[in-house]
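See structure below.
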Protein chains: 2
Amino acid sequence: MNILITSGGTSEKIDDVRHLTNHATGRLGKEIAQALEEDGITIHYVHGPKAVLPKASNCQFYPIASVSELYTIMEKLLTTISFDYVIHSMAVSDYELDAATDEVLLAQTIAQYVMKQSFTTEAELTEIIKNSLFDSEALQQKAQKKISSKNEKLILMMKKAPKVIGHIKQWQPETHLIGFKLLVDVSEEHLVSIAQESITKNQADLILANDLTQISDNQHHALLVSKNGIEQRFSTKQDIAQGIKKIILSN
Amino acid sequence: MNILITSGGTSEKIDDVRHLTNHATGRLGKEIAQALEEDGITIHYVHGPKAVLPKASNCQFYPIASVSELYTIMEKLLTTISFDYVIHSMAVSDYELDAATDEVLLAQTIAQYVMKQSFTTEAELTEIIKNSLFDSEALQQKAQKKISSKNEKLILMMKKAPKVIGHIKQWQPETHLIGFKLLVDVSEEHLVSIAQESITKNQADLILANDLTQISDNQHHALLVSKNGIEQRFSTKQDIAQGIKKIILSN
């Protein structure tokens, strides 16, 4: 049996020194991998830069940093190896860097667009300005290895990163997909409805939905959601790992 | 003897999930602290969230995340304890979050400014737009615990963070200050000249100047620069730690 687990968080490079990252530790993915240390199960483990790693003899590791690196390795794995389950617990950045700019260059770029076009209403002007914000070539500070700190503002224009979860079933329609959804301080109804949206949109079989305010060192409240609603409730990472193991082994 | 060491990197919160950070590991600060494990030396160790920590019995730890937290703890320590040396090796972010916005809100905010004022030249318009970028209240997305990923762009407006190194001698004029400067892929002349600028500006006694391209797991080339020029050259973290120890003990 082949299982693909993603764990930890992605990290988007801003320059050679700075990066945009998230708080994911990789502890949940580690627990799941360790629970699955069974005869005949091979785990392919894709993880972010600072993720804690499982101690499991049947694990093959694939380190990545950016969403784009994640996309590449996932495409390669899912189009070459047949997986019984994909457990996509990695916290993937919604955005990646489009351009790093400063207040002077941004104002100049917008002004050039505005001077070239005519407008009468504020709505028309807003539209012109909005379009200028997509000219990442004009906005990008001249290639610098470390962005200069001479200007008052550092403006990071982030664009949507590719949605890796949405491609998993396209790359391998016959696999089972357990996705993860993390929200912050929302109601259970909202959490379930967002999880079900993700099930439909990404053809996921199950979504583990959790709320950052319900996660601490010793507890990790989470809901396992299917298209029918809440299937199971968990309160620790060990619980979650055992629950997922049971589902995989009973399938 | 009291020594204050800062180590690791700062981390600026973008929202409850995301943060902007840097690659600093804290390994150099750790080496320095461990080299200074001597009778009669007390180390106050201020460190970033993911810094590796020294194993030294004479260390008191002060964890921080943001530049603003660093500023607060440094002010407190330097105005209450007398330090023989401050070794400021932490990689401190030049910027902190001013506002997180999206392409629609940014364009609307700028358009409102432009509609209210008259201009004839592109330079005048640029000035108006530039001023609108400082209106962080208008730009800030309505308080969200996790920034929505519904918009095409996430625009992070970062403003200059307080320069902690510039305050150290103001808080405690009689201390000795060893600062650190990290550049990426520059000539030695440029590195020395930037280090000397920092000496003058921050009243530092010495600056340890290094280039990211000269740092790997096993080597760490660095120059110890005074107002007179290069005082010493090092090629590993252990070298640097021993060199700094010698300076502190001979003083």
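A note on names: the letters A, B, ... follow the listed sequences, proteins ahead of strands, and every chain is numbered from 1. The figures that follow rest on heavy atoms only: side chains count, while hydrogens, waters and symmetry mates do not.
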Checklist entry - Checking A:Q219 side chain against A:I215 main chain: does a donor-acceptor pair fall under 3.5 Å? => result no
Checklist entry - Are A:T6 and A:H88 linked by a side-chain donor-acceptor pair shorter than 3.5 Å? => result yes
Next on the checklist: Counting only non-hydrogen atoms closer than 4.5 Å, does A:D98 touch chain B with its backbone (N, CA, C, O), its side chain (CB onward), both, or neither?
Outcome noted: side chain
Item to check | Most chain B-contacting option - heavy-atom pairs closer than 4.5 Å, from A:M157, A:M158, A:H19 | outcome: A:H19
Checklist entry - Side chain, backbone, both or neither: which part of A:T121 has a non-hydrogen atom closer than 4.5 Å to chain B? => result backbone
Item to check | B:K163 with B:D94: basic N within carboxylate O range, under 4.0 Å | outcome: yes
Checklist entry - What part of A:T25 lies closer than 4.5 angstrom to a heavy atom of chain B: side chain, backbone, both or neither? => result neither
Checklist outcome for this item: Residue from B:L106, B:I128, B:V186, B:T126 scoring the most non-hydrogen pairs under 4.5 Å with chain A is B:T126
Item to check | chain B contact via A:L212 - side chain, backbone, both or neither, heavy atoms under 4.5 Å | outcome: side chain
Checklist entry - Is there a donor-acceptor contact under 3.5 Å linking the side chains of A:S216 and A:N218? => result no
Checklist entry - Is it the side chain or the backbone of A:F119 that comes within 4.5 Å of chain B heavy atoms, both, or neither? => result side chain
Checklist entry - Does the separation of the ring centres of B:H220 and B:F234 fall below 6.0 angstrom? => result no
Checklist entry - Using a cut-off of under 4.5 Å for heavy-atom pairs, which of A:S11, A:A91, A:A107 has the most such pairs with chain B? => result A:A107
Checklist entry - Between B:I155, B:L125, B:T21, B:N22, which has the largest tally of heavy atom pairs under 4.5 Å with chain A? => result B:T21
Next on the checklist: Can you tell whether the side chains of B:R233 and B:E188 come within less than 4.0 Å, N to carboxylate O?
Outcome noted: yes
Checklist entry - Can we say A:E103 and B:K159 salt-bridge, meaning some charged N sits less than 4.0 Å from an Asp/Glu carboxylate O? => result no
Checklist entry - Which region of A:Q112, side chain (C-beta onward) or backbone (N, CA, C, O), has a non-hydrogen atom less than 4.5 Å from a non-hydrogen atom of chain B, or is it both or neither? => result both
